[in-house]
**Q** 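Would you mind keeping the following structure in view while I ask a few things?
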Amino acid sequence: MDSQELNQRGNWGSKIAFIFAASGSAIGLGNIWRFPMMVGLKGGAIFVLTYILSVIFIGFTVMLAELTIGRHAKKNPVGAFNFIKPGSPWKLVGYMGVITGVFILSYYAVVAGWAAGYLYKTTIGTFRRLSTFSGEEAWEVSDIIFKNFSANPLEVLICLFIVIALTTFVISKGVKGGIERWSKILMPALFFLIIILAVRALTLPGAETGLSFYLKPKLSEFNADVIFFAVGQAFFSLSLGMGTMMTYGSYISKKDNLVSSAGWVCFSDVLVALLAGIIIFPTLFTTPGISPDKFQAETGLMFQVLPIVISKMPGGNIFGILFFILLLIAALTSTISLLEVPTAYLIDERNWKRSKAAFVIGLSSFLLAIPSALSHEAVKIFTKLKIMANMDLIFGNIMLAIGALFISIFLSYSWKTKNALKEIESGNKHFSLKPFWLINIKFLAPIVIFIILIFIIIKTITG
């Protein structure tokens, strides 16, 4: 790799820089928008417990595998598979990851745009009038506000454009000048805001009811759905199965400890998800007439329930502004990582300049996102086809699971675990979790993921 190519790709300035950036990729709307939504829809605390176990046994395992492959090859997903097994069909898994990331970005950026729009609406006091309505009436009015916003083509496309433009700008500045610099600013800000909001939520009268729903598991709520969505949430939240961590791993120094790096990213991701729930559920249960059965599969509670809550609590407008700033920051740290994967592919495999690659992928992502952005009554055909919901099912669940399955099989049975261990141990001579990781990557992860994919197919066919 010549100096010009290395300059285009970049490297992390330090291990902490990688942890900030990779945590930024993992910590996003998946934690603050999607996780509380899934907790509300899938049984409360039992989902939380299953999710944590999924991260420990499956998420950490696949993340370490992706980082290992990426650092060994020093390339994007397509280049990494081709480097380790040149001329083999395995590079198709890399292409699948790149394409999956672009499609996830296309609808993920829409939700990020909603966060930007709601930050503006909260700032100008749009939701203050909700305080004059009772619980059910407030829900109806808030629902109308969201539907009017999401069905307005001009508003949603402007918000979408802002998110894509900011993301493209950061990516165009490179690894150190863009991703690393902004991650060092955004991630501490995110943690600072989420801790403030969690403390605020815990001081609300009646917060105990929400905490009970959130933290006391009921075994009667446990079923196959919980397992499927908990593992899917782990993949989505940790940015696994699409080559993001493989790409980020390609910028890691050979001296850095991959095991502790993966551990810190997983820990940060779970911590933020848990804190997000602590913000949401105590706050939610203090508002009369609002309960988890109000959650909807695409919008969750962020854009319909939260405005009601902030309108009724003391200092609620400030709380709301801080929350939507938090949501937007979390969204941007993830859109940055989603855009970096195809950008790295064009730099590595097509020898494009970073600025050109970032602009082309950014523009393509914006155009690809339009159907999802307009699928909430703005354009009838997109609404009827449920574009955004189906994109999340196909790419946010199925494709991520398939990608993670192939990655675990590739490392275990094609590249071989002995070669992967050499790469891991180059920065960690005492890999104490070796037996745990080997069992998981060779047997547990592939079996669990395969069963989940069968479950998805059966569920989809039977409706």
Side-chain angles (χ1 to χ4, degrees), residues 1 9-12 15 18-19 21-22 25-26 58-101 175 235 238-263 265-266 337-338 340-345 347-349 399-428 431 433-434 437-438 440-446 449:
M1 185 178 291
R9 293 201 85 255
N11 282 287
W12 304 119
K15 178 179 175 179
F18 160 74
I19 291 172
S25 171
I58 310 295
F60 169 78
T61 298
V62 177
M63 175 169 286
L64 182 55
E66 284 204 37
L67 294 178
T68 303
I69 294 169
R71 188 174 73 172
H72 179 77
K74 288 291 181 183
K75 289 183 178 292
N76 67 90
V78 176
F81 283 109
N82 205 38
F83 175 83
I84 295 173
K85 290 291 178 179
S88 73
W90 280 108
K91 68 180 178 182
L92 296 176
V93 179
Y95 281 113
M96 184 179 71
V98 172
I99 293 169
T100 297
V175 175
F235 289 147
L238 291 168
S239 301
L240 299 176
M242 57 182 162
T244 299
M245 289 302 159
M246 206 176 289
T247 302
Y248 273 28
S250 72
Y251 306 132
I252 299 177
S253 165
K254 292 285 187 180
K255 298 177 182 178
D256 287 336
N257 186 326
L258 290 179
V259 179
S260 63
S261 296
V265 174
C266 289
S337 71
L338 288 167
E340 175 62 16
V341 176
T343 300
Y345 164 75
I347 292 170
D348 291 347
E349 308 303 316
M399 295 303 290
L400 292 186
I402 292 173
L405 176 62
F406 279 129
I407 287 167
S408 59
I409 291 172
F410 172 78
L411 185 144
S412 299
Y413 303 105
S414 182
W415 186 29
K416 306 295 185 184
T417 51
K418 63 179 182 181
N419 294 314
L421 286 171
K422 288 179 183 177
E423 182 64 43
I424 293 170
E425 291 173 345
S426 69
N428 178 25
F431 183 17
L433 294 175
K434 185 193 298 185
W437 184 73
L438 286 174
N440 286 352
I441 196 65
K442 293 180 76 172
F443 305 110
L444 182 64
I449 297 168

**Q** Just so I know, are the side chains of M246 and N76 near enough to count as touching, which here means a heavy-atom distance under 4.5 Å?
**A**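 Of all side-chain heavy-atom pairs linking N76 with M246, none is under 4.5 Å.
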**Q** Heavy atoms only: give me the nearest M245-V265 pair and the separation to one decimal.
**A**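 Closest approach of M245 to V265: CE-CG1, 4.5 Å.
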**Q** Please tell me if the side chains of I69 and F83 come closer than 4.5 Å, counting only heavy atoms from C-beta onward.
**A**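 Heavy-atom side-chain distance check fails, nothing below 4.5 Å.
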**Q** I want to check something: taking the side chain as every heavy atom from C-beta on, are V259 and F60 in contact at a cut-off of under 4.5 Å?
**A**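 A side-chain contact exists here, since the closest heavy-atom pair is under 4.5 Å.
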**Q** For A73 and A80, which heavy atoms make the closest approach, and how far apart are they?
**A**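 Smallest heavy-atom distance, with atoms named: CB-CA, 3.5 Å.
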**Q** On a heavy-atom basis, which atom in S412 and which in I441 lie closest, and how many Å separate them?
**A**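 The answer is OG-O, 3.1 Å.
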**Q** For residues K85 and S88, report the shortest heavy-atom separation together with the two atoms involved.
**A**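 That would be O-OG, 2.8 Å.
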**Q** With rounding to the nearest 0.5 angstrom, report the OG to CG distance, S260 to L64.
**A**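 It is 10.0 Å, given to the nearest 0.5 Å.
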**Q** Rounded to the nearest 0.5 Å, what separates atom CD in E66 from atom CD1 in I407?
**A**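 So the CD of E66 and the CD1 of I407 are separated by 3.5 Å.
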**Q** If you take all heavy atoms of S337 and S239, which pair is closest and at what distance?
**A**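 The answer is OG-OG, 4.5 Å.
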**Q** Drop me the distance from L438's CG to F431's CZ, to the nearest 0.5 angstrom.
**A**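 The CG atom of L438 sits 7.0 Å away from the CZ atom of F431.
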**Q** Has the side chain of N440 got a donor or acceptor atom that lies under 3.5 Å from a matching backbone atom of T61?
**A**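 No.
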**Q** Atom CH2 of W415 and atom NE2 of H72: how far apart are they, to the nearest 0.5 Å?
**A**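 If I round to the nearest 0.5 Å, the distance is 5.0 Å.
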**Q** Without swapping roles, check the side chain of R71 against the backbone of L258 for a donor-acceptor pair under 3.5 Å.
**A**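 No: the side chain of R71 does not pair with the backbone of L258.
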**Q** Between I449 and F406, does a side chain to side chain contact (heavy atoms under 4.5 Å, CB included) hold up when you go through it step by step?
**A** CA-CA 10 Å; I449 297 168; F406 279 129; over 6 Å; no
**Q** Starting at NZ of K74, measure out to OG1 of T247 and round the result to the nearest 0.5 Å.
**A**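 Those atoms lie 12.5 Å apart.
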**Q** Minimum heavy-atom separation for A445 and I58, please, with both atom names.
**A**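 Distance-wise, the nearest heavy atoms are CA-CD1, 3.8 Å.
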**Q** If we only count heavy atoms from C-beta on, is the K75 to F81 side-chain gap below 4.5 Å?
**A**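 No, side chains not in contact.
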**Q** Counting only heavy atoms not in K254, do more than 12 fall under 6.0 Å of its NZ?
**A**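 Buried by this count: over 12 neighbours within 6.0 Å.
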